[in-house]
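Because the structure is predicted, anything quoted here is derived from the model rather than measured.
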Amino acid sequence: MANKITVLAVVLMAALMAANAIPDQTPQGVEKWFKRLPNAREKLTKLHFYMQDVVSGPNPTAIEVARSSLTANSKTFFGLTRVFDDPLTVTGSPDSKTVGYAQGLYVLTSQEDVALLFTYNFVFNDGKYAGSTLSVQGYNPLEAKYREMAVIGGSGVFRLAKGSAVASTYWANATTQDGIVEFTVYVLHYDVSGDDQYAQDI
Ligand SMILES: *[C@@H]1O[C@H](CO)[C@@H](O)[C@H](O)[C@H]1NC(C)=O
């Protein structure tokens with residue numbers, strides 16, 4: 001009886017570890033994954049975190065890399081381009097736990113509104129998503145309460161992901177242009193652990 005419980009516990013632990021593991025990213029592993037894809041189940045994952053965008057001070061996380069000759073006279077900062085590497089935190093507080101980074105660039109692309117083209121990756125470094133990424137691109141008009149951007153792909157546990165990333169300003173200072181953005185992300189991806197046959201094969 002005790003043996004059976006031990007075996008069950010080991011099997012359960014192995015199943016949990018398999019559920020959290022990044023799939024094999026060697027070419028052979030990826031090929032196997034795609035061949036087994038018809039047996040996989042699509043699942044919905046919801047993620048919630050805050051992006052800390054610091055423009056001012058000695059340690060900015062977003063730096064200007066380009067602007068146009070019109071930018072200085074544009075009320076919408078038309079042409080301004082920044083590269084960013086912003087921590088993703090569990091709460092709105094910059095001191096809260098970091099679960100990853102948003103890395104990419106934003107470009108002020110509207111002459112009518114303060115609106116940005118965002119193109120970036122969420123790079124996760126915590127828990128079961130550590131080592132996995134989501135690629136996001138979209139339209140971000142800052143005055144809108146909610147801005148929806150497209151999750152256009154992913155890697156690791158988010159291989160072949162698609163979904164929506166909803167951004168909302170949590171805090172912003174117009175003078176320094178520092179900001180904290182709340183993100184709720186809905187991701188459709190494939191649950192390789194849901195199918196025993198499939199999980200064994202990778
Ligand atoms: C915005 O930043 C400026 C410059 O650091 C500061 O003087 C001002 O108090 C800040 N405003 C808010 C609302 O935090």
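- Using a 3.5 Å distance cut-off with no hydrogens or angles, the side chains of Thr89 and Gln52 do pair a donor with an acceptor.
- Transitive grouping of hydrophobic side chains (ILVMFWY, heavy atoms separated by less than 4.5 Å) keeps Phe158 and Ile152 in distinct clusters.
- Looking at residues two or more places apart in sequence or on another chain, you find no side chain to side chain donor-acceptor pair (under 3.5 Å) involving Asp113.
- Inter-residue side-chain proximity for Val55 and Arg82 is flagged as met; some heavy-atom pair is nearer than 4.5 Å.
- Atom-to-atom distance recorded for Leu134:CG and Leu47:CG is 6.5 Å, nearest 0.5 angstrom.
- Residue Gln177 holds its CD atom at 9.5 Å from OG of Ser56, rounded to the nearest 0.5 Å.
- Cluster annotation: Tyr106 is not connected to Val166 through the hydrophobic network of ILVMFWY side chains, with a link wherever side-chain heavy atoms come within less than 4.5 Å.
- Taking each heavy atom of Pro87 and Thr61 in turn, the nearest pair found is CD-CG2, 4.0 Å.
- No donor-acceptor pair closer than 3.5 Å links the side chain of Ser168 to the backbone N or O of Tyr146.
- The minimum heavy-atom distance between Thr76 and Leu108, with the atom names listed, is O-CD1, 3.5 Å.
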Apply side chain to side chain contact (heavy atoms under 4.5 Å, CB included) to the pair Val151 and Ser164, showing each step before the final yes or no.
-> CA-CA 5 Å; Val151 174; Ser164 296; 5.8 Å; no

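- In this structure, His189 contributes its side chain and Val157 its backbone to a donor-acceptor pair below 3.5 Å.
- For the pair Leu105 and Tyr120, the minimum side-chain heavy-atom distance is 4.5 Å or more.
- Scored by the side chain to side chain donor-acceptor pair (under 3.5 Å) test, Ser155 finds Thr133 as partners (sequence neighbours excluded).
- Residues satisfying the salt bridge (Lys or Arg N to Asp or Glu O under 4.0 Å) test with Lys35, not counting sequence neighbours, are Glu31.
- Aromatic pair Phe49/Phe122: centroids less than 6.0 angstrom apart.
- One finds the CG atom of Leu88 at 6.5 Å from the CZ atom of Phe124 (value rounded to the nearest 0.5 Å).
- Without hydrogens or angle criteria, Asp86 side chain to Ala102 main chain gives no donor-acceptor distance under 3.5 Å.
- Sorted by first and then second residue, the ring-ring contact (aromatic ring centres under 6.0 Å, His included) pairs involving residues 59-78 (not counting sequence neighbours) form an empty list.
- Of the possible polar contacts, none joining the Thr45 side chain to the Val187 backbone as a donor-acceptor pair under 3.5 Å is found.
- Taking the centre of each ring, Phe118 and Phe84 come in below the 6.0 Å mark.
- In this structure, the separation between OG on Ser110 and CG on Leu116 is 9.5 Å, given to the nearest 0.5 Å.
- The ring of Phe183 has its center no closer than 6.0 angstrom to the ring center of Tyr50.
- Salt-bridge formation is not detected for the pair Lys75/Glu112: no Lys NZ or Arg NE/NH1/NH2 atom is positioned less than 4.0 Å from an Asp or Glu carboxylate oxygen.
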N/O donor-acceptor pairs under 3.5 Å from side chains in residues 135-144, not counting sequence neighbours:
unit_1	atom_1	unit_2	atom_2	d
Ser135	OG	Asn121	OD1	2.8
Gln137	OE1	Thr119	OG1	3.3
Asn140	OD1	Arg147	NE	2.7

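- The shortest side-chain heavy-atom distance between Gln25 and Arg159 falls under the 4.5 Å cut-off.
- Atom CG of Asp95 and atom NZ of Lys97 lie 14.5 Å apart (nearest 0.5 Å).
- To the nearest 0.5 Å, the span separating OG1 on Thr184 from NE2 on His48 amounts to 4.5 Å.
- Smallest separation of non-hydrogen atoms from Tyr170 and Gly92: CE2-CA, 3.5 Å.
- Hydrophobic cluster membership is shared by Leu160 and Val30, with clusters built from Ile, Leu, Val, Met, Phe, Trp and Tyr side chains linked at under 4.5 angstrom.
- In the hydrophobic cluster analysis, where Ile, Leu, Val, Met, Phe, Trp and Tyr join through side-chain heavy atoms closer than 4.5 angstrom, Val107 is grouped apart from Leu80.
- Between the Ser68 side chain and the Leu70 main chain, a donor and an acceptor come within less than 3.5 Å of each other.
- Pairing each heavy atom of Val54 with each of Asn59, the nearest pair is CG1-O, 4.0 Å.
- Using a cut-off of 4.0 Å between Lys/Arg side-chain N and Asp/Glu carboxylate O, Lys32 and Asp24 are scored as not salt-bridged.
- Clustering of Ile, Leu, Val, Met, Phe, Trp and Tyr side chains at separations under 4.5 Å places Tyr186 together with Leu44, Leu188.
- Asp53 places no side-chain N or O within donor-acceptor distance of the main-chain N or O of Val181, the cut-off being under 3.5 Å.
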